[in-house]
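Step one of this worksheet: look at the structure below.
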Amino acid sequence: MELDELFARMPPVREEDLAASKAHWDNLAKPLGSLGALETAITKMAALTGRVDFALNRRTLVVVCADNGVIAHNVSQSDETVTAAVTTALGVGTSTANYMARQVGCQVLPVDVGVKDFGGAPGVLSRRIRNGTADMTVEPAFSRQECIQALRLGIDLAGERKQQGDDCLLLGEMGIGNTTTTCAVASVLLGREPEELAGRGSGLSNQGLQNKIAAIQTAVAVHRPDPADPVDVLHKVGGLDLAVLTGLCIGGRLHRLPVLLDGVISDVAALCAVRLCPQVKQALTASHLSAEPAAGMMLEELELSPLICAGMRLGEGTGAVAALGLLDTAMSVYHSGHTFGHLGIDAYTPQS
């Protein structure tokens with residue numbers, strides 16, 4: 001099925017379901033809207049699922065892992081061996097995201113879509129598309145057909161998680177150099193200069209940051225990606241992880257599975273997904289405002305408000321996991337049944 005045909009099959013999100021969830025909140029024994037963005041997020045999720053009584057009992061953090069050829073230009077203080085090492089750690093449960101996820105009862109699923117020279121590891125799902133991307137300053141990072149394959153992989157992964165009974169999908173990634181590809185895609189989509197968007201990632205020196213900016217400038221100048229065509233942008237100056245994350249966003253909307261974004265990398269993937277299919281935004285919740293410079297611009301463009309502003313920038317889905325803990329506390333109120341009627345008092349009403 002062509003992507004356009006798939007987009008046309010998106011199930012509707014009904015205003016009455018949104019209103020029913022809000023009415024449910026308003027009947028609980030607390031001031032109206034007093035849990036702020038947490039109420040908004042849960043109401044949005046309820047409308048997406050079409051169920052006022054939806055739950056977040058089963059959830060999976062999908063960490064998409066891949067390498068990026070642009071690291072040949074010293075845009076990171078680490079090399080691709082770190083991608084393989086962290087991917088392996090994610091599989092056996094010893095990376096940062098695993099420790100955090102265990103605290104909120106969240107499964108972690110690392111997916112290898114292009115970790116360089118990776119022979120597999122326990123707990124890592126192998127869905128390899130290619131052995132890392134090319135150096136985008138010289139040739140497109142990967143082909144358009146590989147990009148479409150990556151999009152479909154993400155859509156299929158979301159469908160598989162839905163079939164497994166998941167109630168919520170969290171996005172994460174692992175790949176040395178992926179803040180460079182992310183910044184390149186953001187630069188094209190937003191029409192901004194790389195200098196405005198590029199950050200220090202996992203800890204770049206001043207020279208490393210200049211290398212990063214120069215690599216992005218060169219790649220964009222050489223390939224001239226079309227900002228009106230997210231697939232063109234992704235395959236020329238993006239990464240395999242970005243493309244699969246884009247597909248996961250689309251798949252979440254298609255399968256009525258709420259998607260909790262992580263930091264700037266998943267934010268950029270989300271914008272690609274929304275540019276391809278605007279309805280996707282109905283499935284998205286922003287977990288936090290990453291410390292990366294482009295993060296705020298991306299969330300503003302997506303018209304999403306973050307649940308957490310803590311200067312996080314680790315990746316792996318750690319921001320999404322942290323926000324899930326907040327949503328759990330709000331869901332305990334949402335399902336409490338503790339109404340004004342139980343207290344024997346009049347409900348709050350909107351005041352002008």
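Count residues from 1 along the sequence.
- Remark: Lys22 engages Asp26 in a salt bridge, criterion side-chain N to carboxylate O under 4.0 Å.
- Classification of Lys281 and Glu303 as a salt-bridged pair holds, one side-chain N sitting under 4.0 Å from a carboxylate O.
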Checklist entry - Under the side chain to side chain contact (heavy atoms under 4.5 Å, CB included) criterion, do Val70 and Met136 qualify, and how do the steps go? => result CA-CA 6 Å; Val70 71; Met136 68 181 188; 4.0 Å; yes
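- Val108 and Leu314 are not part of a single hydrophobic cluster, where members link through side-chain heavy atoms under 4.5 Å apart.
- For Thr60, the side chain to side chain contact (heavy atoms under 4.5 Å, CB included) partners at least two apart in sequence or on another chain are Val62, Gln107, Leu109, Arg161, Asp166.
- Heavy-atom neighbours of Glu2 CD from other residues, nucleotides or ligands within 6.0 Å: at or below the threshold of 12.
- Gln207 and Asn211 form a side-chain donor-acceptor contact under 3.5 Å, judged by distance and modelled atom types alone.
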Considering only distance and modelled atom types, tabulate donor-acceptor pairs under 3.5 Å from the side chains of residues 226-240, sequence neighbours left out.
from: Asp226; atom 1: OD1; to: Ala228; atom 2: N; distance (Å): 2.9
from: Asp229; atom 1: OD1; to: Val231; atom 2: N; distance (Å): 3.2
from: Asp229; atom 1: OD1; to: Asp232; atom 2: N; distance (Å): 3.4
from: Asp229; atom 1: OD2; to: Arg144; atom 2: NH1; distance (Å): 2.9
from: Asp229; atom 1: OD2; to: Arg144; atom 2: NH2; distance (Å): 3.2
from: Asp232; atom 1: OD1; to: Lys236; atom 2: NZ; distance (Å): 3.1
from: Asp232; atom 1: OD2; to: Asp226; atom 2: N; distance (Å): 2.7
from: Asp232; atom 1: OD2; to: Lys236; atom 2: NZ; distance (Å): 3.2
from: His235; atom 1: ND1; to: Phe142; atom 2: O; distance (Å): 2.7
from: Lys236; atom 1: NZ; to: His223; atom 2: O; distance (Å): 3.2

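- Linking ILVMFWY side-chain heavy atoms closer than 4.5 Å, directly or via other members, places Val63 and Phe118 in two distinct hydrophobic clusters.
- Residues Lys212 and Ile216 form a side-chain contact, since some pair of their non-hydrogen atoms from C-beta on lies under 4.5 Å apart.
- The CD atom of Glu160 lies 8.0 Å from the CG atom of Leu153; values are rounded to the nearest 0.5 Å.
- With no hydrogens or angles considered, a side-chain donor-acceptor pair links Asn178 and Asp241 at under 3.5 Å.
- Residues Tyr99 and Thr94 have side chains that never bring a donor and an acceptor to within less than 3.5 angstrom of each other.
- A salt bridge links Arg59 with Asp328; the closest basic N to acidic carboxylate O contact falls under 4.0 Å.
- Within a 6.0 Å sphere centred on CD of Glu196, heavy atoms belonging to other residues, nucleotides or ligands number more than 12.
- Residues passing the side chain to side chain contact (heavy atoms under 4.5 Å, CB included) test with Ala97, sequence neighbours excluded: Leu61, Leu90, Glu316, Thr318.
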